[in-house]
Structure formats: structure tokens, C-alpha cells
Amino acid sequence: MTEKLTPASGRKPATPIAIDGPAASGKGTLARRVAEHLGFDWLDTGLLYRAVALSVLDRGLDPAQAATILNLRMLGDPRLRGDEIAQGASKVAAIPAVRAALLAYQRGFAERPPGGKGAVLDGRDVGTVVCPSAPVKLFVTADVGIRAQRRLSELLSRGLATTYAAVLEDLQQRDARDSQRAVAPLRPAEDALMLDTSALDADQALAKALDLIQQKSGGSLGMGSASA
Ligand SMILES: Nc1ncnc2c1ncn2[C@@H]1O[C@H](COP(=O)(O)OP(=O)(O)O)[C@@H](O)[C@H]1O
Ligand SMILES: Nc1ccn([C@@H]2O[C@H](COP(=O)(O)OP(=O)(O)O)[C@@H](O)[C@H]2O)c(=O)n1
């Protein structure tokens with residue numbers, strides 16, 4: 001795999017890979033699995049905004065200050081997963097100073113991933129703002145009812161009490177806020193490839209994504225089959 005990822009003379013490897021999409025579309029699962037498949041590092045950029053929201057709630061910090069002094073150890077906190085923090089994340093994410101404070105870390109990860117091979121980042125503005133020159137960009141979508149059902153199952157399995165109606169409302173409110181904000185709104189980059197996962201399970205979504213990545217990267221990633 002390492003040799004296959006080495007760029008041919010003068011040619012850069014097709015990394016970072018940018019994966020964006022609305023809430024609970026499956027982009028995180030896909031990004032994690034694509035990264036595993038390629039031996040790349042994965043960054044869930046949404047967790048950064050969730051961690052800022054948690055700092056604001058926990059410590060009463062100003063959102064921009066919370067983003068500036070964000071401790072990456074917070075990213076493993078299970079409290080980041082709930083609906084309340086998701087709503088808070090969407091609110092702090094509309095503040096330009098918060099986005100500006102988180103940008104350098106995301107770009108640094110994309111350009112110099114810890115494992116040194118490549119990076120997959122997922123979020124809302126990876127293809128448009130964080131890594132606008134990423135050679136491969138995917139925009140993952142799914143029907144909102146299907147997204148709500150998937151997120152409900154996830155939250156219940158994590159032991160978080162919620163209902164289908166509450167989850168659906170959270171997704172709809174965040175999608176609207178994220179799409180309408182002035183800075184780095186949720187939208188596909190012009191050169192993004194669309195991937196609707198409504199009728200695909202996670203394995204099928206991975207296979208389709210690897211296909212698209214392979215086509216877009218012109219084979220420079222030298223990938224094996226999705227089941228590898
Ligand atoms: N293609 C899929 N089919 C069914 N469930 C999926 C699929 N992709 C993701 N999931 C599940 O849906 C939930 C939301 O997926 P996630 O990857 O967290 O979405 P996002 O990162 O877009 O918020 C998770 O529980 C995940 O396991
Ligand atoms: N690159 C990103 C990632 C997340 N976000 C914000 O952070 C919130 C939480 O993102 P997330 O990716 O963890 O949310 P889910 O899609 O997992 O539900 C989103 O609703 C956005 O408002 C953003 O603005 N830009």
C-alpha cells in the first residue's frame with residue numbers, strides 16, 4: 001500500500017480527501033472507513049465544533065475564546081454526542097471567529113497528517129473552505145427521515161434518551177442553520193461528487209465511495225477492493 005501511495009514522478013497523491021454533508025448523512029462513518037481502507041488519518045471536524053459548544057456550556061467561556069484554547073483531549077468526551085451539544089455546535093459554528101480559530105488545526109491535519117500518508121476530513125466546509133484544492137471531494141446525502149432514524153438508533157444504542165421527533169427536529173434545525181449562515185455554509189463544492197446513501201448500507205456506501213475516489217484520483221491511490 002505504501003508504495004502505491006507514493007506519487008508517480010512529480011505527481012501529488014490524491015489527498016486530502018474531503019467528505020461533507022448534512023447531519024447524520026453517514027459522512028463520518030464513511031470517512032472513518034475510507035481512511036482505514038487507505039491507511040490514512042481521519043479527522044471528524046464536527047467534533048471540534050461540538051467540543052467548543054461543550055466548553056461554552058461547561059465553563060461559560062465566550063465561544064471564540066473556547067475555540068482558541070480548545071483542548072483536543074476533549075474530543076473523546078462521550079457528552080459530545082448528544083442532541084443538545086449538536087445544537088450548540090451548530091450555533092457556535094455560525095460565529096466567524098470560532099471558525100477562524102479552528103481553521104489552522106484542520107488545515108495542518110490535512111497537510112501533515114500524523115501518520116504521514118494522507119488524511120480524510122469530514123464536515124460541512126472541508127471541500128469549500130478547509131481544503132478547497134483537495135483532489136477528491138464527496139458530498140454525502142440521505143433522505144432526512146432515514147437520517148433521523150439512523151441517528152435515533154445510534155443515540156439510543158449509546159444510552160442517550162431521545163425520540164424520533166426530537167432527533168428529526170434537531171437535524172432539520174441544524175441543516176437550516178448550517179446552510180443559511182453567512183460564513184462557510186453547508187453546500188457541495190463545485191467539483192464535489194454526490195453520494196446519496198438513502199438506499200445503501202454502510203458497506204455499499206463504502207464501496208461506492210472507493211469507486212468514486214478511484215475514478216477521481218485517476219488510480220493514484222492504488223486501492224484494493226472495499227472488503228480488503
Ligand atoms: N449507509 C448507512 N446505512 C445505514 N446506517 C448508516 C449508514 N452510514 C452511517 N450509518 C449510521 O448512521 C448513523 C449516523 O452516521 P454518521 O456517520 O455518524 O453520520 P454523520 O457523520 O454524517 O453525522 C450512525 O449510527 C451510523 O452507524
Ligand atoms: N466542518 C464543520 C463541521 C461541523 N460544523 C458544525 O458542527 C455541527 C456538528 O457537526 P457534526 O458533524 O458533529 O454533526 P453530525 O453531522 O454528526 O450530526 C454541525 O451542525 C455544524 O453546524 C461545521 O460548521 N463545520
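Note that ligands are numbered from 1 as they come in the structure, with each ligand's atoms numbered from 1 the same way.
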**Study point:** Close-contact set for ligand 1 against L200 heavy atoms, below 4.0 Å
**Key:** 1 (N), 2 (C), 3 (N)
Review point. If you measure from atom 11 (C) of ligand 1 to every heavy atom of R150, R147, R32, which option wins on shortest distance?
Key: R150
**Study point:** Protein heavy-atom partner closest to atom 22 (O) of ligand 1 - residue, atom, separation in Å
**Key:** K27 NZ, 2.7 Å
Study note, to complete from the structure: Of D20, D178, V126, V52, the one whose closest heavy atom lies nearest atom 19 (C) of ligand 2 is D178
Point to revise | Backbone of L155 reached by a side-chain donor or acceptor of R81 within 3.5 Å | key: no
Check your understanding: Which heavy atom in V56 sits nearest to a heavy atom in P63, and how many Å separate them?
Key -> CG2-CA, 3.7 Å
Exercise for review: Salt-bridge test for R150 and E154: reply yes if a basic N is under 4.0 Å from a carboxylate O, no otherwise.
Suggested key: no
**Study point:** R32 and E36: CA distance, side-chain angles, deciding distance, salt bridge (Lys or Arg N to Asp or Glu O under 4.0 Å) verdict
**Key:** CA-CA 6 Å; R32 174 176 55 77; E36 269 168 21; 3.5 Å; yes
Check your understanding: Is a side-chain donor or acceptor of D201 paired with a backbone partner of Q204 at a separation under 3.5 angstrom?
Key -> yes
Point to revise | Test item: side-chain donor near acceptor, R124 and Y49, under 3.5 Å | key: no
Study note, to complete from the structure: the protein heavy atom lying closest to atom 13 (C) of ligand 1 turns out to be E154 OE1, 3.4 Å
Exercise for review: For atom 2 (C) of ligand 2, find the nearest protein heavy atom and state the residue, atom name and distance (0.1 Å precision).
Suggested key: R124 N, 3.4 Å
Review point. Distance only, no hydrogens: is a donor on one side chain within 3.5 Å (strictly under) of an acceptor on the other, for T45 and R50?
Key: no
Point to revise | Under 3.5 Å donor-acceptor, T197 side chain and S25 backbone | key: yes
Exercise for review: Compute the shortest N/O to N/O distance between R181 and ligand 2 and return yes if it is under 3.5 Å, no if not.
Suggested key: yes
Review point. Is there a donor-acceptor pair under 3.5 Å between the side chain of D175 and the backbone N or O of A23?
Key: yes
**Study point:** A24: numbered ligand 1 atoms lying under 4.0 Å from its heavy atoms
**Key:** 19 (O), 20 (P), 22 (O), 23 (O)
Point to revise | Presence of salt bridge, D170 and R151, under 4.0 angstrom | key: no
Check your understanding: In terms of atom number and element, which parts of ligand 1 are under 4.0 angstrom from non-hydrogen atoms of A202?
Key -> 1 (N), 2 (C), 3 (N)
Revision key, fill the gap. Atom 6 (C) of ligand 2 has as its nearest protein heavy atom A93 CB, 3.7 Å
Review point. Under 3.5 Å, is there a donor-acceptor pair between the side chain of D122 and the main chain of A31?
Key: no
Point to revise | Option whose closest heavy atom lies nearest to atom 18 (O) of ligand 1, chosen from R151, K208, R158 | key: R151
Review point. Mind checking whether G28 has an N or O less than 3.5 Å away from an N or O of ligand 1?
Key: yes
Point to revise | Atoms of ligand 1, numbered as shown, that sit under 4.0 Å from any heavy atom of D201 | key: 1 (N), 2 (C), 3 (N)
Practice item. Could you find the nearest protein heavy atom to atom 8 (C) of ligand 2 and give me its residue, atom name and distance? Key: A89 CB, 3.7 Å
Review point. Which is it for A23 and ligand 2 at heavy atoms under 4.0 Å: side chain, backbone, both or neither?
Key: both
Review point. At what distance is the nearest protein heavy atom to atom 25 (N) of ligand 2, and which residue and atom is it?
Key: R99 NH2, 3.0 Å
Review point. Is there a donor-acceptor pair under 3.5 Å between the side chain of D20 and the backbone N or O of D125?
Key: yes
Practice item. Answer yes or no: is there an ion pair linking D191 with K137, defined by an N-O contact shorter than 4.0 Å? Key: yes
Point to revise | Protein contact of atom 4 (C) of ligand 2 - nearest heavy atom, named by residue and atom, plus distance | key: G46 CA, 3.5 Å
Check your understanding: Heavy-atom contact under 4.0 Å between D125 and ligand 2?
Key -> yes
**Study point:** N-O pairing of K216 and D211 below 4.0 Å
**Key:** no
Practice item. Check the side chains of S198 and D143 for a donor-acceptor pair under 3.5 angstrom, ignoring hydrogens and angles. Key: no
**Study point:** Element-labelled atoms of ligand 2 that are located less than 4.0 Å from some non-hydrogen atom of S90
**Key:** 20 (O), 22 (O)
Check your understanding: Which atoms of ligand 1 are found less than 4.0 Å from any heavy atom of S25?
Key -> 19 (O), 20 (P), 22 (O)
Review point. Ligand 2 and D44, any nitrogen or oxygen pair closer than 3.5 angstrom?
Key: no
Revision key, fill the gap. Atom 7 (O) of ligand 2 sits nearest the protein heavy atom Y49 CB, 3.5 Å
Check your understanding: Do any nitrogen or oxygen atoms of D122 come within less than 3.5 Å of a nitrogen or oxygen of ligand 2?
Key -> no
Point to revise | Side-chain (S90) to main-chain (A86) donor-acceptor, under 3.5 angstrom | key: no
Study note, to complete from the structure: atom 14 (O) of ligand 2: of E154, R177, R151, R174, the nearest heavy atom sits on R174
Check your understanding: Who gets closest to atom 17 (O) of ligand 1 by heavy atom: I19, D20, T29?
Key -> T29
Check your understanding: Is G28 near ligand 2, meaning one of its heavy atoms is under 4.0 Å from it?
Key -> no
Point to revise | Where ligand 2 meets G123 - atom numbers and elements under 4.0 angstrom, heavy-atom basis | key: 1 (N), 3 (C)
Exercise for review: Please name the pair of heavy atoms, one in L70 and one in L48, separated by the smallest distance, quoted to 0.1 Å.
Suggested key: CD2-O, 3.9 Å
Check your understanding: Of all heavy-atom pairs between V183 and A94, which one has the smallest distance, and what is that distance?
Key -> CG1-O, 3.7 Å
Check your understanding: So between K91, R50, R147, K27, whose heavy atom ends up nearest atom 13 (O) of ligand 2?
Key -> R50
Check your understanding: Considering distance alone, does some N or O of G26 sit under 3.5 Å from an N or O of ligand 1?
Key -> yes
Practice item. Can you figure out which of T29, T45, L48, V140 has its heavy atom closest to atom 3 (C) of ligand 2? Key: T45
Check your understanding: For Q106 and ligand 2, does the shortest N/O to N/O distance drop below 3.5 Å?
Key -> no
